[in-house]
Amino acid sequence: MQTLARIPLLAAIAALVILSYSPPSAWAKKAEKAETYATIEFSPGATVPAGTMVKITGRAFCDESLGAICLAQHQELTVGKIQITPTLDVTDAHVDCVSGDPSEDNIGMGAPDFSVDFVTAGLGGQTLGFQVHYVTPGGKDGPKNSFSVCVDLAITQSDPLPDDTLSYGQGFYGSSPTGEAVVAQLIDEQTCIVINDILVAIPVDIGFESQACETSDDFESLALFLTGEVGSQGGNNDDGFLTAGNPSENGPGLNLAAQKITLLLNLNLDALEELPIEPGYFININTIQDLVAGKPGPFVDPVFNNHDLYDFCEDTVDDGHDICDPGSLVLSELGELVQALDEVQTTVEDICTAALSMLENDFPSILVNGVEVSRGDMTDILGLINESYDEGVPSGFITMGDVD
């Protein structure tokens with residue numbers, strides 16, 4: 001009877017022992033750290049011309065749903081730190097990913113979704129590696145550390161302001177005897193057709209009749225309308241269309257057409273064996289470093305060089321560069337518009353196409369890459385493009401490649 005009475009007690013003890021030593025997975029899971037991964041991104045891209053300011057951005061994400069912080073896989077982390085580290089060789093020189101190893105040094109550190117601006121001036125021809133290190137905030141809920149892959153930034157030797165590039169303002173072709181004399185040479189069949197369409201579309205009588213665009217005589221006839229008789233040295237007042245673009249007897253608003261025609265002539269300067277602006281060049285509002293004969297040259301500030309782009313700007317730093325001091329710049333309405341166009345990577349061709357559509361359809365405004373541009377602003381922007389390499393001196397307003 002005693003033996004039988006003890007059986008329930010022994011069974012209870014055995015059950016307690018089993019519970020005490022049951023697999024601890026459910027409890028241990030709470031102590032585990034969530035896996036993470038980090039990413040690195042270059043803007044405007046992983047290959048840029050020297051002089052481009054490159055934004056390097058690091059982010060971190062949960063690789064699994066676990067704990068109180070990582071509530072979902074691929075959730076972007078907002079806690080902890082991001083370190084952006086360079087790849088160094090044994091001499092601590094910054095090299096590409098293959099030639100070195102990620103270092104413990106960093107060129108910037110901050111909260112996740114952290115960016116640092118990397119100056120590429122003077123680094124043309126180099127390829128440099130970078131990696132992002134995500135550092136956990138620690139604590140019982142903190143996820144694990146992680147590293148991004150090492151990614152190379154290729155910095156080309158291309159000059160953002162190519163040497164010997166040339167452009168001229170409207171006045172050169174309209175009233176300078178030298179400029180007037182070359183207009184016929186800058187008109188080919190396609191340019192003749194476009195200029196003809198622009199002049200025909202003008203809603204007021206400018207004394208122009210649609211003409212053929214087939215022979216050199218046709219091109220010379222169109223040039224004569226644009227410039228009038230080629231004047232002698234010292235000036236010309238024969239009222240060709242480009243002389244003012246807005247002669248009083250022709251009514252207002254013709255300067256848009258004149259600036260558009262001037263740009264078409266500038267794009268054809270290779271006919272004179274000169275180096276013209278290319279349609280694929282970009283509008284720029286940022287200070288950049290010019291390269292002269294492949295070597296770092298002066299810094300060029302397109303805002304400082306074009307007073308219509310700002311309402312206020314100071315240059316008090318005695319450094320030999322004409323650059324608006326940091327914190328002193330107040331952009332004008334035109335400057336803010338140009339900044340918006342720059343941010344959406346607007347090219348000369350984009351402006352050229354929009355201006356032509358505006359003229360042919362008599363639009364009061366038009367969208368350029370999503371940015372609304374009025375007729376007056378389009379006229380000003382065309383003028384800034386035409387003067388961007390005025391007689392070979394770059395203003396910085398038009399660059400080879402987007403240098404943001």
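For clarity, every value in this text was computed on a predicted model and none was experimentally measured.
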How close do Y173 and L269 get, counting heavy atoms only, and between which atoms?
OH-CD2, 3.6 Å

Can you list the steps and then say if K55 with D117 is a salt bridge (charged side-chain N to carboxylate O under 4.0 Å, His left out)?
CA-CA 5 Å; K55 178 176 287 187; D117 290 331; 5.1 Å; no

Geometric class of the Y37/F61 ring pair [parallel <30°, tilted 30-60°, perpendicular >60°]:
parallel

Looking at E333, I want to see if its CD is surrounded by more than 12 non-hydrogen atoms of other residues, nucleotides or ligands under 6.0 Å.
no

Check whether any side-chain heavy atom of L384 sits under 4.5 Å from a side-chain heavy atom of N386, and report yes or no.
no

Please tell me whether Y134 and F147 form a close aromatic pair, meaning their ring centres lie under 6.0 Å apart.
no

4.5 Å side-chain heavy-atom contact, I107 and F130:
yes

So, for V132 and G58, which heavy atoms are closest and what is the spacing to 0.1 Å?
CG2-CA, 3.6 Å

Can you name the nearest heavy-atom pair linking S99 to D89, along with the distance?
O-CB, 4.1 Å

What are the two closest non-hydrogen atoms of Y389 and I398, and how far apart are they?
OH-O, 2.6 Å

Side-chain H-bond candidate by donor/acceptor type, Q73 with E64, under 3.5 Å
no

Which residue, V151, D152, T87, forms the side chain to side chain contact (heavy atoms under 4.5 Å, CB included) with D96?
D152

Do the side chains of T52 and P160 get nearer than 4.5 Å, heavy atoms only?
no

Just distance, no hydrogens or angles: give the donor-acceptor pairs under 3.5 Å from side chains in residues 273-280, sequence neighbours left out.
none

Under the side chain to side chain donor-acceptor pair (under 3.5 Å) test, which residues partner T57, sequence neighbours left out?
S115

Please tell me whether Q131 and S148 have a donor and an acceptor in their side chains that are separated by less than 3.5 angstrom.
no

So the side-chain hydrogen bond (donor to acceptor under 3.5 Å, both in side chains) pairs with at least one residue in residues 350-361 (sequence neighbours excluded) are T347-D350, D350-N369, S357-N361

Going by distance alone, is a donor N or O of one side chain under 3.5 Å from an acceptor N or O of the other, for S167 and D390?
no

Would you call E41 and R59 a side-chain contact if the rule is heavy atoms closer than 4.5 Å?
yes

How many angstroms lie between atom CG of L186 and atom SG of C192, to the nearest 0.5 angstrom?
13.0 Å

Could you go through the side chain to side chain contact (heavy atoms under 4.5 Å, CB included) check for Q83 and V135 one step at a time?
CA-CA 8 Å; Q83 293 180 339; V135 182; 4.0 Å; yes

Below 4.0 angstrom, N of the basic side chain to O of the carboxylate: do D380 and R375 qualify?
no

To the nearest 0.5 Å, tell me how far Y168 OH sits from T178 OG1.
8.5 Å

Going from OG on S43 to CZ on F118, what distance comes out if it is rounded to the nearest 0.5 angstrom?
15.0 Å

Which atom of D218 lies closest to which atom of Q211, heavy atoms considered:
O-NE2, 2.9 Å

Would you say the side-chain atoms of D342 and N286 include a donor-acceptor pair closer than 3.5 Å?
yes

Does a donor on one side chain sit under 3.5 Å from an acceptor on the other, for T316 and D325?
yes

